Colleague: 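Pasting a structure here, questions to come.
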Amino acid sequence: MQTPYNPKDIEKKWQDHWKEQETFLVKEDAQKEKFYGLVEFPYPSGAGLHVGHPRSCTAMDIICRKRRMEGYNVLFPIGFDAFGLPTENYAIKTGRPPAEVTKENIANFTRQLQLLGFSFDWSRAVDTTDTQYYKWTQWIFLQLFERGLAYKKNKPINWCLSCKIGLANEEIVDGKCERCGGEVEKRDKEQWMLAITKYADSLLEGLHEVDYITRAKVQQEHWIGRKEGVVFTHAVKDSDITLETFSAYPAWLYADTFIVMAPEHPDVEILVAGGAHEQEVKKFIQEQRAISDTERREMVEKSGVFTGRVAIDPLSGKEMPVWLANFALMDFGTGIIRCSAHDSRDVVFAQKYDIPLKEVVDRKDANESVDAHNNVGILKDSGLFSGKEITPELIQEMSAWFVEQGFAKRHVSYRLHDWVFSRQRYWGEPIPLIHCADCGWVPVPEDQLPVELPHVEKYEPTDTGESPLAAMSDWVNTTCPTCAGPAKRETDTMPNWAGSSWYFLRYCDPNNNNEFASKESLNYWTPVDWYNGGMEHTVLHLLYSRFWHQFLFDIDLVPTKEPYKKRTSHGMILAKGGEKMSKSKGNVVNPDDIIHEFGADTLRTYTMFIGPFDQVAEWDTNGLIGVKRFLDRVWQLQEKISDSAPENPEARNVLHKTIKKVSEDIESMSFNTAVAKMMELSHTFQKLEAIPQAYFEKFILLLSPFAPHVAEELWQNVGHSNTITHEPWPTHNEKYLQEEEQTIAIQVNGKLRATITVSTNSSEEDITMAAKTDTHILPWLEGKTIKKVIYVPGKLVSIVTI
RNA sequence: GCCGCGGUGGUGGAAUGGUAGACACGAGGGACUUAAAAUCCCUUGAAGGAAACUUCGUGCGGGUUCGACUCCCGCCCGCGGCACCA
């Protein structure tokens with residue numbers, strides 16, 4: 001009688017074994033093909049691991065363990081994205097240094113992740129707050145700076161009136177300060193920007209060569225928002241000013257009758273200066289400025305004010321009144337719009353202020369909307385293009401003609417904006433620049449990197465909205481690296497996204513003191529073969545890290561243009577009832593408790609069994625019971641192993657089907673059905689008097705990526721002394737997938753009426769004959785003429801009668 | 001409003017043109033036990049029927065097909081993202 005399955009002892013034993021034997025440590029090996037599997041590194045919060053972490057980590061752990069068994073040299077690293085607001089806010093509240101808190105949190109996360117038995121190469125763990133790590137984050141920033149991709153610009157920041165601090169966008173909930181619920185307004189401040197828009201087209205093109213889930217590609221495309229169009233230049237009557245408008249729908253340009261400008265457009269002031277409408281316009285601009293972003297977003301009412309000016313339409317020579325409108329956005333296109341009867345928003349505005357409109361297509365009926373975005377209809381009153389049907393070709397033709405005639409120039413507009421890279425915060429990488437009155441912004445010399453975060457007394461941002469570093473005059477005041485004159489350090493820090501934009505490169509060579517990673521290590525390991533992470537990161541993190549990587553590629557520091565070959569995403573795990581897990585709701589599931597009660601193997605396998613991997617799943621502790629029973633059953637099977645066990649064709653066939661199914665399902669991340677199939681196999685084996693050892697071993701190999709600890713123990717119990725980690729992955733034999741008998745469904749007129757069991761060798765004639773003469777089928781054919789018989793090999797016979 | 005994903009038993013889900021409900025939870029019944037737990041076995045979409053079996057059934061309405069959860073057209077609902085984008 002075997003001892004009962006005791007996960008606690010087994011899991012500890014094998015985790016120690018892997019650590020001592022350095023089972024998962026890897027080195028470059030030119031003889032072996034590499035595989036780089038990556039999971040998003042966690043933010044080590046004080047709350048500890050969430051059950052969502054085991055879900056994504058187990059999935060990639062399974063893939064990496066399978067790859068090792070397939071003979072690949074597998075890099076599967078982990079680290080911590082440890083700069084961030086929650087730790088800083090905790091520091092403000094308690095006065096404890098963030099570095100100290102971070103250290104504790106990382107230790108706790110490490111302990112928890114190790115309890116789950118992931119096959120990470122822990123020797124490569126990185127921590128973005130480690131000076132030896134952020135030295136290189138700063139270094140990469142300087143490369144961007146030196147090539148003109150980092151620049152300073154006056155930008156509004158979010159300012160909480162009651163906390164008197166600058167807030168990140170993420171800290172604003174429903175337009176209010178997340179911390180105190182107070183009002184938030186915009187304040188202008190000089191901010192460091194990264195020119196990601198220079199990479200907009202490259203980032204768009206790169207999407208064609210990578211294998212990302214469609215959602216990720218579509219969302220990135222949408223975020224970049226590339227739109228081709230034309231820019232018209234309009235003379236303003238009795239003025240030297242010209243107005244440039246952007247149009248993405250050139251088919252409707254003949255319909256335009258008025259122009260609107262964004263209230264914040266810099267030319268507005270000159271345009272109205274001294275005019276009869278100046279006071280009204282100024283009042284409108286002030287009103288608009290007072291409205292917060294959130295209110296503005298919710299505002300449906302269109303409003304505006306006439307500037308008193310008239311622009312000339314280059315197409316017709318006619319006059320177009322120029323208005324300011326609350327819906328014109330300064331940061332899209334040129335901030336000035338030609339408006340027409342073919343845009344519902346323009347129509348609402350025109351009707352409100354009695355501005356004349358003109359349609360350039362005939363409506364079939366009065367209710368039909370002829371919206372600019374539809375691009376359908378036959379043009380009228382459109383000069384040369386009257387009578388032509390709007391098609392993509394015509395739009396091209398029109399754009400070309402406008403350009404040719406000198407009315408317009410081509411222009412591409414993007415939704416994507418340059419990346420605001422400054423934070424007025426303590427807990428981030430200091431921006432390694434020094435400002436000198438004579439030399440301007442000067443980079444900190446490479447041999448002085450990293451610029452370390454100094455120790456401060458208070459972590460709150462200052463009254464002026466600057467980072468607490470600004471109060472450290474000893475640190476701020478320095479000398480200019482160029483002229484040695486007095487100079488000041490930049491006190492802004494980098495955003496959270498900085499450290500995570502290149503961490504996967506550091507994993508290749510984490511202890512390198514001379515480079516962010518050696519060329520050899522990057523050539524061997526990159527690109528990442530498979531990257532799994534959360535849906536919430538498919539836009540920003542992915543875009544930012546692709547941008548940095550493409551930049552590093554352009555300056556010849558990484559070997560590929562794209563960092564990730566393949567990107568998948570896991571669904572979130574929600575609490576029972578479909579709510580997000582949160583401390584305040586008290587519905588958080590702590591992995592420690594689950595491991596204590598059921599074991600890590602059960603937790604791992606359950607998170608894979610819970611539902612389709614890419615969809616949200618509701619946590620259900622009852623579901624763990626079924627998985628625990630399964631592993632118990634597998635454990636019991638070892639008692640039935642026998643050298644003298646006879647071959648059992650039926651069990652063997654089920655085994656080979658399981659090998660095929662599990663192998664394929666891991667590749668498609670259909671982990672839930674892989675587990676289900678192994679459960680079936682365990683039932684099949686359980687019914688046997690004796691199990692041939694060879695069958696059992698193959699089963700254990702299949703199970704090992706899911707439940708590695710129990711698999712190692714069983715592997716040892718059946719007589720092996722080596723770890724199961726590098727045993728070859730089982731392959732199925734096609735001939736064992738063939739049953740000797742098959743069940744054929746018989747349909748009459750599309751309805752299932754019977755099933756018959758026939759030998760696999762039976763001919764089509766035999767089977768259709770058997771179908772037609774089956775006792776259950778005969779009554780359905782009585783008095784009918786058979787029109788057609790469809791035979792699907794191995795599946796069914798469908799009889800159609802008249 | 002636009003984009004993406006989803007809607008199947010009491011519950012989580014399986015099946016991407018071929019026997020709807022695999023696998024699991026829960027529930028009911030049984031075996032073992034002095035008893036309980038654990039374990040094992042059976043039943044479990046609905047309705048009708050003694051049974052054989054029949055009818056209905058994958059959000060709603062149409063269509064294609066011998067055959068549709070699956071493909072096409074038109075809707076409804078839920079979740080996520082973007083949103084006055086010219």
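Sequence lines set the chain letters: A, B, ... in the order given, protein chains first and strands last, and positions in each chain run from 1. Since the structure is predicted, the reported quantities are computational estimates derived from the model, not experimental observations.
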Colleague: By nearest heavy atom, map Asn622(A) and Gly335(A) onto RNA chain B; which one lands nearer the 5' end?
Modeller: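 Its nucleotide being nearer the 5' end, the pick is Asn622(A).
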Colleague: Identify whether NZ of Lys or CZ of Arg in Arg415(A) sits under 6.0 Å from the centre of the six-membered ring of Phe332(A) and within 45° of that ring's axis.
Modeller: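 That pair does not qualify as a cation-pi contact.
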Colleague: When you check the phosphate oxygens OP1 and OP2 of C25(B), does a side-chain N or O of Arg629(A) lie under 4.0 Å from one of them?
Modeller: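 Yes, within the criterion.
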Colleague: Above 12 or not: heavy atoms from other molecules or residues under 6.0 Å from CD of Glu667(A)?
Modeller: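 Atom CD in Glu667(A) is packed in, count exceeds 12.
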Colleague: Reckon Lys787(A) touches a base, only the sugar-phosphate, or nothing at all at heavy-atom distances under 4.0 Å?
Modeller: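 Result for Lys787(A) = nothing.
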Colleague: Paired with C2(B): which nucleotide, if any, by Watson-Crick or G-U wobble criteria at under 3.5 Å for both distances?
Modeller: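 Partner of C2(B): G81(B).
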Colleague: Parallel, tilted or perpendicular: which fits the ring planes of Phe613(A) and Phe671(A), with parallel below 30° and perpendicular above 60°?
Modeller: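 Plane angle over 60°, so perpendicular.
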Colleague: Has His776(A) got a side-chain N or O lying under 4.0 Å from the OP1 or OP2 atom of C53(B)?
Modeller: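 Looking at the OP1 and OP2 atoms of C53(B), one of them is under 4.0 Å from a side-chain N or O of His776(A).
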Colleague: Looking at Arg345(A), does any N or O in its side chain come under 4.0 Å of the phosphate oxygens OP1/OP2 on C85(B)?
Modeller: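 For C85(B), OP1 or OP2 has a side-chain N or O of Arg345(A) closer than 4.0 Å.
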Colleague: For G80(B), does OP1 or OP2 lie under 4.0 Å from any side-chain N or O of His537(A)?
Modeller: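 Result: no.
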Colleague: Taking the P atom in each of C60(B) and A38(B), what is the distance between them to the nearest angstrom?
Modeller: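 To the nearest whole Å, 40 Å.
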Colleague: How do Ile799(A) and Val218(A) order along RNA chain B: which one's closest nucleotide is nearer the 5' end?
Modeller: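 Result of the comparison: Val218(A).
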Colleague: For the side chain of Gln615(A), starting at C-beta, report the closest nucleotide among A24(B), G18(B), G6(B).
Modeller: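 The nucleotide sitting nearest to the side chain is G6(B).
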Colleague: If the P atom of C3(B) is compared with that of G74(B), how far apart are they to the nearest Å?
Modeller: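 The answer is 12 Å between these two P atoms.
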Colleague: Hey, is the side chain of Lys677(A) poking within less than 4.0 Å of OP1 or OP2 on A15(B), counting only N and O atoms?
Modeller: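 No, no such contact exists.
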Colleague: Would you please confirm or rule out a distance under 4.0 Å between OP1 or OP2 of G6(B) and any side-chain N or O of Arg215(A)?
Modeller: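 Result: no.
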Colleague: U39(B) pairs with which nucleotide, Watson-Crick or G-U wobble, both distances below 3.5 Å?
Modeller: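 Across all strands, the one nucleotide that pairs with U39(B) is A31(B).
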Colleague: With a cut-off of under 6.0 Å to the ring centre and 45° to the axis, is Arg567(A) in cation-pi contact with Tyr531(A)?
Modeller: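 Satisfied, under 6.0 Å and within 45°.
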